[in-house]
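What follows is a short report on a single structure.
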Amino acid sequence: MNKKKVLVAFIACSILISIILIMAIKPTIKVNENIVLGETTAERTKNKPSTFVTEQIKETAEDAQVATELNEEVTMKGLIDSTENIAIVRIISLDSSSAKFDPVVGNTYGKLLINSVVKGNLKEGEIVDYAALGGYLTIAEWEQYQPAAANEKRDFLREQSGIKLNKEESYIHLQFEDNIDVEEGKTYIAYMNYNSEMGKYEITGFADGLMELSIEKEQKRVSPINIDSQKVMIKNNHTGEYESLESYTEKVKSNM
Amino acid sequence: MSKIKKNISCLILFFIIVSISSCAFAMTPTYTHAIRYSRGVGNTCYYVDSSASFFTSSINSAANNWVHTDYGANPIYMTAVSSTKASHMDIYAGYLLDKYNNTNAYTTIWTSSATQLYFNGTSNYYYAEIVLNRNNMTANTENTSTVTHEMGHCFGLDDWTYAYSIMCSPKSERKVTRVQQCDNDTVNYLY
Ligand SMILES: [Zn+2]
């Protein structure tokens with residue numbers, strides 16, 4: 001009888017010790033390639049791509065496109081001359097949006113990493129605040145900067161259609177024809193001027209000032225990368241065609 | 001009797017051939033996304049906001065040009081109104097930021113429940129909004145042709161690189177300041 005009790009206690013202890021051992025060993029077995037031993041949580045989440053634009057915002061936002069009437073064709077030389085900084089950038093975050101400095105399509109604000117510099121004094125590896133054209137804005141924010149009569153009309157039409165809108169929680173997605181939105185974790189060539197009023201680097205040049213590179217979207221941590229400019233392609237926003245980054249940057253340099 | 005029948009048959013055949021060939025050769029405008037005002041253009045009501053009062057004479061001239069094009073009839077009739085509630089075309093103006101110094105104006109299109117639409121979408125629209133850039137628009141003739149061009153967008157016409165169309169954009173060096181035959185034809189194609 002006693003022997004039986006000892007056996008049961010022995011088995012129970014063994015199971016308990018095994019569980020404790022498995023739990024203790026687990027972290028070293030399942031090594032996450034992004035975790036460095038001795039790293040704090042703050043360091044682990046540093047530069048992790050993030051965005052305030054949730055899937056729900058994307059699905060429910062009104063898509064709005066603005067067609068503009070340009071006076072003159074924008075030339076590459078003209079754009080380069082009027083731009084202080086041209087760089088290959090990696091988007092870390094989309095933090096917020098506002099129509100304060102652009103009542104037409106608004107701005108998206110966030111942080112980006114300077115991967116390499118084509119023109120200007122920014123430093124490789126530097127992280128700066130940016131303002132990109134367009135993006136997702138709450139209707140309340142956008143309407144603050146629209147003509148009163150236009151807002152009254154929209155309120156009247158919504159009421160007529162039986163639509164009750166919570167303007168603080170409803171979004172409008174604004175962008176110009178051909179322009180692209182910034183996306184977290186993606187790599188672009190960006191034309192930027194520092195806007196002291198905003199305290200941010202403003203991405204300029206419309207569809208010619210922000211072009212995506214054919215580099216996989218970063219999911220874990222945005223850090224500087226080596227780019228093979230012969231293999232990496234850049235997308236023309238007007239035609240949808242690709243050309244090598246090397247051939248594009250050569251054109252930029254010959255216009256500088 | 002059979003001769004008369006034969007002649008009538010020939011005549012019918014002739015008309016069928018003529019109508020088929022004229023259809024095939026009729027111009028199919030390429031500079032429209034084929035979306036248009038859901039309420040038609042028979043009584044296009046336009047509202048000029050106080051911000052755009054500087055442009056009132058240009059706006060009225062442009063509206064008059066779309067009604068009387070010098071190139072035959074079209075279904076457009078335009079009336080100036082003082083309320084936006086039922087208007088088709090609302091015109092505002094503002095001093096846009098320096099980065100828009102190359103932009104004369106912009107146009108947006110909306111549903112009857114105040115949702116904005118894409119020009120290259122498939123849905124017709126209830127009303128359109130034009131915003132004119134006061135920083136750019138100073139000379140009167142240019143203003144009228146810019147407003148005429150924007151009104152063309154409101155009617156459903158797209159930008160075109162053909163220099164002899166009012167829908168040619170200034171950046172493509174438009175040579176005309178008024179509505180042309182091709183523009184009038186496009187309106188007749190759409191409505
Ligand atoms: Zn246009």
Side-chain angles (χ1 to χ4, degrees), chain A residues 61-75 78-79 82-83 100-105 107 131 133 139 142-143 145-163 165 170 172-178 191 193 195 197-198 202-206 209, chain B residues 33 47-52 82-87 90-121 126-133 136-137 142 145-147 149-150 153 158-159 169-174:
Chain A
E62 286 177 20
D63 271 323
Q65 191 188 45
V66 181
T68 49
E69 228 43 77
L70 295 184
N71 229 353
E72 288 165 8
E73 194 72 76
V74 180
T75 64
L79 181 59
S82 63
T83 308
K100 186 181 176 188
F101 293 99
D102 193 319
V104 184
V105 291
N107 287 118
L133 209 58
I139 304 234
W142 182 69
E143 285 193 347
Y145 302 95
Q146 301 309 305
N151 288 336
E152 281 162 24
K153 175 168 186 158
R154 284 187 274 272
D155 285 340
F156 171 77
L157 291 176
R158 284 182 198 121
E159 200 187 312
Q160 291 270 301
S161 314
I163 295 170
L165 204 64
S170 303
I172 184 164
H173 176 212
L174 288 147
Q175 199 50 276
F176 284 114
E177 260 180 322
D178 292 353
Y191 287 64
N193 285 323
N195 185 322
E197 217 181 329
M198 284 182 180
E202 192 179 8
I203 299 173
T204 180
F206 298 90
Chain B
H33 292 303
Y47 164 83
V48 182
D49 188 60
S50 56
S51 60
S82 56
S83 159
T84 59
K85 284 189 177 162
S87 56
D90 302 327
I91 303 164
Y92 301 92
Y95 293 95
L96 301 187
L97 302 167
D98 284 354
K99 67 180 171 193
Y100 293 110
N101 276 355
N102 195 21
T103 306
N104 288 336
Y106 61 90
T107 298
T108 49
I109 49 174
W110 301 78
T111 66
S112 58
S113 55
T115 307
Q116 214 178 326
L117 289 170
Y118 266 36
F119 277 100
N120 53 5
Y126 188 75
Y127 75 99
E129 259 181 31
I130 298 172
V131 178
L132 305 169
N133 188 0
N136 276 32
M137 294 174 64
E142 281 172 37
S145 58
T146 300
V147 176
H149 175 104
E150 292 309 309
H153 282 311
D158 194 10
D159 282 321
S169 124
K171 71 171 178 154
S172 306
E173 294 173 7
R174 182 171 64 220

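These values consider heavy atoms only, across backbone and side chains, with no hydrogens, waters or symmetry-generated copies. Below, chains carry the letters A, B, ... as their sequence lines are ordered, and counting in each starts from 1.
Ser161(A) approaches Ser112(B) most closely through the heavy-atom pair OG-O, 3.5 Å. The shortest heavy-atom contact between Ala149(A) and Asp49(B) is CB-OD1, 3.6 Å. The minimum heavy-atom distance between Ala64(A) and Gln116(B), with the atom names listed, is CB-OE1, 2.9 Å. When all heavy atoms of Ala114(B) and Glu62(A) are compared, the closest pair comes out as O-OE1, 4.0 Å.
A distance of 5.0 Å separates OG1 in Thr103(B) from CZ in Phe206(A), rounded to the nearest 0.5 Å. Atom OG1 of Thr115(B) and atom CG of Asp63(A) lie 11.0 Å apart (nearest 0.5 Å).
With a 4.5 Å cut-off on non-hydrogen atoms, Asp159(B) touches chain A through its side chain but not through its backbone. Only the side chain of Glu202(A) comes within contact range of chain B, judged by heavy atoms closer than 4.5 Å. Interface remark: Asp102(A) contributes backbone and side-chain atoms alike to the contact with chain B (heavy atom separation under 4.5 Å). Using a 4.5 Å cut-off between heavy atoms, Ile172(A) contacts chain B through its side chain alone, with no backbone atom that close. Only the backbone of Phe101(A) comes within contact range of chain B, judged by heavy atoms closer than 4.5 Å. There is no contact between Glu173(B) and chain A, counting heavy-atom distances below 4.5 Å. Both the backbone and the side chain of Phe119(B) come within less than 4.5 Å of a heavy atom of chain A. Interface remark: Ser87(B) contributes backbone and side-chain atoms alike to the contact with chain A (heavy atom separation under 4.5 Å). There is no contact between Ile139(A) and chain B, counting heavy-atom distances below 4.5 Å.
Looking at Leu157(A) and Tyr126(B), their side chains come closer than 4.5 Å, going by heavy atoms from C-beta outward.
Side-chain atoms of Lys153(A) and Ser83(B) form no donor-acceptor pair, as typed in the model, at a separation below 3.5 Å.
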Start with the C-alpha distance between Glu177(A) and Asn120(B), add both sets of side-chain angles, then the distance that settles side-chain contact (heavy atoms from CB on, under 4.5 Å), and finish with yes or no.
CA-CA 10 Å; Glu177(A) 260 180 322; Asn120(B) 53 5; 5.7 Å; no
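Judged by distance alone, the side chain of Tyr92(B) and the main-chain N or O of Ala150(A) form a donor-acceptor pair under 3.5 Å.
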